[in-house]
Amino acid sequence: MFGVTQTTSTARPLAVFDLDGTLAETGHRQHFLERQPRDWKGFFAALHRDPPLAQGVRLVLEAAADCEVVYLTGRPERCRRDTLAWLARHGLPEGRLCMRADSDRRPARTIKLEAVRGLDRRGEVRMVVDDDELVCDAVERAGFRVVRARWASTSQPGSTVLRIAQEREGRT
Ligand SMILES: [Mg+2]
């Protein structure tokens, strides 16, 4: 289950944004996952150095004009403090931050769809922005409007390490 904090009640629709590969460029820390065994600690410890992705940032700022922004990430809860600091440092809109429970290893598409459905029970989810095609497919199939983020280096064909991590290993 995703932990949901910073609960606010509002009539505004929700715009749900992924972080890695959507708002944050993670290419510089992929090498931690290309090792065997994968270095998850190193991978997450370096997230404070992620450059923001301009196209994603533009979209979230636009969305914040009409919507309440919710950040929905496969990053584990233990990264909450660093993630909040990163969002603030780059001037991203305030919003709830929904993260993977530290012990939850289910595929991102499963837990994110569950989280989107949960959010939708509390307020209309107007859009979901994510770079993971499997997440996008699952959320779209459930009837939500999806924007497929394809602007990160990790979204390019051939960048498979993070996909394996998300899908088979349930780690991010
Ligand atoms: Mg992503």
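Hydrogens, waters and symmetry mates play no part in the numbers below; they use all other heavy atoms, side chains included. These numbers come from a predicted model, not from an experiment.
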Q. Which residue pairs pass the ring-ring contact (aromatic ring centres under 6.0 Å, His included) test with at least one member in residues 100-137, sequence neighbours excluded?
A. none
(Q) Using side-chain heavy atoms (C-beta onward) and a distance below 4.5 Å, is F144 in contact with L119? (A) no
Q) Heavy atoms, side chains only, cut-off 4.5 Å: are F44 and D82 in contact? A) no
Q. Do the charged groups of D50 and R75 touch, with an N to O distance under 4.0 Å?
A. yes
**Q.** For R121, all residues meeting side-chain contact (heavy atoms from CB on, under 4.5 Å), sequence neighbours excluded
**A.** R117
Q) Out of curiosity, Q55 CD to R150 CZ, how far, rounded to the nearest 0.5 Å? A) 12.0 Å
Q.
Does anything in residues 80-136 form a ring-ring contact (aromatic ring centres under 6.0 Å, His included)? List the pairs, not counting sequence neighbours.
A. W86-H90
Q | Criterion salt bridge (Lys or Arg N to Asp or Glu O under 4.0 Å) against E68, the qualifying member of R96, R122, R12 | A | R96
**Q.** Option among R145, R148, R109 that satisfies the salt bridge (Lys or Arg N to Asp or Glu O under 4.0 Å) test with E140
**A.** R148
Q) How about L87 and L19: do any of their side-chain heavy atoms sit closer than 4.5 Å? A) yes
**Q.** Contacts of H28 that satisfy ring pair (Phe, Tyr, Trp, His ring centres under 6.0 Å) - sequence neighbours left out
**A.** none
(Q) Would you say that L59 contacts E62 through its side chain, given a criterion of any heavy-atom pair below 4.5 Å between the two side chains? (A) yes
Q) If you measure from CG on D132 to CG on D20, what distance do you get to the nearest 0.5 Å? A) 11.0 Å
Q) Just checking, any donor-acceptor pair under 3.5 angstrom between side chains of T26 and Q30? A) yes
Q.
Do D18 and V135 make a side-chain contact, defined as non-hydrogen atoms from C-beta onward lying under 4.5 Å apart?
A. no
(Q) Please find the pair of heavy atoms, one from M99 and one from C79, that lie closest to each other, and give the distance. (A) CE-C, 3.8 Å
(Q) Just to verify, which of D130, D137, D104 counts as forming a salt bridge (Lys or Arg N to Asp or Glu O under 4.0 Å) with K112? (A) D130
Q: Identify the heavy atoms of T154 and G21 that sit nearest to each other, and give their distance.
A: OG1-CA, 4.1 Å
Q) For the residue pair A149 and T22, what are the closest heavy atoms and their distance? A) CB-OG1, 3.8 Å
Q | L23 side chain near Y71 side chain, heavy-atom distance below 4.5 Å | A | yes
Q.
According to ring-ring contact (aromatic ring centres under 6.0 Å, His included), does anything in residues 113-143 pair up with another residue at least two apart or in another chain? List the pairs.
A. none
(Q) The criterion is side-chain contact (heavy atoms from CB on, under 4.5 Å); which residues satisfy it with D39, sequence neighbours excluded? (A) F32, R35, K41
